[in-house]
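Heads up: the structure comes next, in structure tokens.
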Amino acid sequence: MSVSRSIGFKITLLLVIPLVSLVALWIFSASLTVGDAFRLLNTKTVYDSLGEPANVLSTEIEREWLVSAQYLATRSESDRADLAAQRAVVDRARARMRELVAESNADTLILAEARKPYQDMKSAAARLDTVRMEFDADQLDLVNLGENYQPFPDAAQRFSVIAAMGSVATSGQQGRSLTSISGAQHVLAKERALVAGVLGQARKFTDAEKLRFSEYVTTRRVLFAQGLNELDDELRAPIEVLAKSEAYRQLTNLEDRILQGEVTGQVSPVLWRSVVDRVDNAYTNALSKAGAVHIARTEPEAMGAFVRAGVAGLLGFGAVAASLIISLRMGRGLTRELVGLKEAATELSDVRLPLLVRRLRRGEKVSDVEAEAPPLEPTGSTAEVRDVAAAFSAVRHTAVDAAVNQARTRESVGQALRNLARRSQGLLQRQLRLLDAMQRRTSDAGTMEDLFRLDHLTTRMRRQAEGLIVLAGGSPGRTWRRPVPVADMLQGAVAEVEDYTRVRIYPMPEARISGGAVADIIHLFAELIENAVSFSPPHTEVSLRGEAVARGYAVEVEDRGLGLSTEELQTINYRLASPPELDLADTDRLGLVVVSWLASRHGVRVELRPSPFGGTTAIVLLPATLLAGSGDDQGQEPVRLGIPEGAGT
């Protein structure tokens, strides 16, 4: 079974889904713009605390690599002292980088793509002590020396490349150009170490070493030229100073001579080291100046990105807010129209129409049906809502017409039933008077008994006719001008029951019933006593007991039959408390319907309960308004019992 949802919930859901999608798109686009701005702002922090110290450490490690190669070739004390001094410089640079990273938490601002090179840098820096121990133990030679010193500079180079690619717009392109020039410096370090090792041993290059040196020279020159060409004027200025310097020209000249085979006796180790050191320092100075300019640019660019992101975010937020307000207003307007239509239809179906139908069923004349159940007038301008209101109005008109026609039909049927019942009642009254006269004239006991049976049968027929009058909405014609004692009233009720000999009326306190209600109360008790006699074994007694109570006078009609189930008692008591409409198709318990109608007419309360003897007890509470004073009994009319005096007591 599907869950029922209100129209307001469904309209809100219908509006929320596209709004959520719009908000998600706005958040996504704003996050992209703001993310670029944050990456630019983080660039300076990463460069100051990690990038620049890593480049310094990389440069110093490459110098240690060079000094180690020279010592490995010469084994001189001076080179050993230089190596120790260089190792101290490297240790200070490594410690400085770790301190800056710890203070600024720069490692948390690294892009995800740069984390692998960063971890490689940390591992290579940590392994440097192991490399030194292996070198001091003569476990490294010129071939594998570079393989052990090279991991940190290579990782630092990869880190710089990825960090530069993580920038945006023009800053990213300029950063990649500077990274290309920095790569040329790292290739120069490999060049320097290779040549220093060969020159330190005063020998010629092998074919493999010459091929490797050629690759280094080509790569360095390509990276340098490519990076220089892509830089703008401001960043190119310090790099051009390097390119036009005398040291750089000498480096290029020495590279060409080595490539041409002019090494031994023509290129000394001192000359090579002097030239390369000056060029390496020039590289470092030029890149530091250009890098500082580049980092200084990123902050204004980041602020510009933030401004753009803010403007775009505000515009997007305004659009989302406007869409939300318009959608909610339209949704609420439509919801109000539908809720108003629902409330009007509910009032019509649950209040106005049932009230009108009840009035028609009671026989009241309704002069203005449109005023009692007016057509629906919905507020708003939605055409579909007005169409639904018009449809409800048409249904209302049809329902009212059906109720009016049904009331007319019921009134016609009731009128016919009352006419027939009153005709029968009139004939039975004439028959009772005739029988009474015949009883007075005869003295024969057998004839008297037959006349009495006929009189009793006529009395019961009169009760059935009066019951039909009650069901048809009328009242019996019999009336008493004076109050009648309760005991005499019960005697009259017993006289209208077929098996009256089984009924016993126990002594009860004196009380009198107002004359205008006597006929209806006699009929009410006759129906209850008849029901008790009919649904109990023939040899059992039906007892009547009465006593005065706080709210009137209570009479108990108790049988000793099989009784009723709890469900049946609840159903019957509900019908006794709320008189049902006459259903011509349901004639099984017309007596209880007559009892409920008579009880409702005089405010009498009737309730069935289980009897201690296993049967059923009907408790009838006669309200104090039906009881008459003790001084109103003079000249009262006797109740016609129709049975011999003393019977049933």
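Side-chain atoms are counted along with the backbone in the values below, which use heavy atoms only and exclude waters and symmetry mates. In what follows, residues are counted from 1 in the order of the sequence shown.
- Here the side chain of N253 pairs no donor or acceptor atom with the backbone of R249 at under 3.5 angstrom.
- Scored by the side-chain contact (heavy atoms from CB on, under 4.5 Å) test, T566 finds Q570 as partners (sequence neighbours excluded).
- No side-chain donor-acceptor contact under 3.5 Å links Q86 to the backbone of V67.
- Evaluation of the ring-ring contact (aromatic ring centres under 6.0 Å, His included) test over residues 73-99, restricted to residues two or more places apart or in two chains, returns none.
- With sequence neighbours excluded, the residues forming a side-chain contact (heavy atoms from CB on, under 4.5 Å) with S274 are R278, listed by chain and number.
- Every salt bridge (Lys or Arg N to Asp or Glu O under 4.0 Å) that E134 has, sequence neighbours left out, goes to R127.
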request  = Report the C-alpha separation of L259 and V217 in whole Å, then their side-chain angles, then the decisive distance to 0.1 Å, and conclude whether the side chain to side chain contact (heavy atoms under 4.5 Å, CB included) test is met.
outcome  = CA-CA 9 Å; L259 290 174; V217 172; 4.2 Å; yes

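- Residues that satisfy the salt bridge (Lys or Arg N to Asp or Glu O under 4.0 Å) test with D79, not counting sequence neighbours, are absent from this structure.
- With sequence neighbours excluded, the residues forming a side-chain contact (heavy atoms from CB on, under 4.5 Å) with D129 are R94, R132, listed by chain and number.
- Among residues two or more places apart in sequence or in another chain, the ring pair (Phe, Tyr, Trp, His ring centres under 6.0 Å) test is passed with F224 by Y248, Y283.
- Here the side chains of F135 and L83 are in contact, with some heavy-atom distance below 4.5 Å.
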message = Go through it in stages, so that I can follow the logic: the residues are V56 and T284, the test is side chain to side chain contact (heavy atoms under 4.5 Å, CB included), and I'd like the CA-CA distance, side-chain angles, deciding distance and then a yes or no.
response = CA-CA 9 Å; V56 172; T284 301; over 6 Å; no

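- Legend: residues meeting side-chain contact (heavy atoms from CB on, under 4.5 Å) with V241, ordered by chain and number and at least two apart, are absent.
- At distances below 3.5 Å, at least one donor-acceptor pair connects side-chain atoms of S245 with backbone N or O atoms of L242.
- Partners of E240 according to the salt bridge (Lys or Arg N to Asp or Glu O under 4.0 Å) rule, which considers only residues two or more places apart in sequence or in another chain, do not exist here.
- Between D136 and R87, at least one side-chain N (NZ, or NE/NH1/NH2) sits under 4.0 Å from a carboxylate O, which counts as a salt bridge.
- Between D120 and K116 there is a salt bridge, since a side-chain N of the basic residue sits under 4.0 Å from a carboxylate O of the acidic one.
- Interatomic distance, I181 CD1 to L223 CG, rounded to the nearest 0.5 Å: 9.5 Å.
- The number of heavy atoms from other shown groups lying within 6.0 Å of CD (E246) is above 12.
- Sorted by first and then second residue, the salt bridge (Lys or Arg N to Asp or Glu O under 4.0 Å) pairs involving residues 217-226 (not counting sequence neighbours) are E191-R220, R220-E255, R221-E255, R221-D256.
- N285 places a side-chain N or O within 3.5 Å of a backbone atom of N281 that can act as its donor or acceptor partner.
- In this view, D138 and R75 satisfy the salt bridge (Lys or Arg N to Asp or Glu O under 4.0 Å) rule, not counting sequence neighbours.
- When the ring pair (Phe, Tyr, Trp, His ring centres under 6.0 Å) test is applied to Y216, no partner is found at least two apart in sequence or on another chain.
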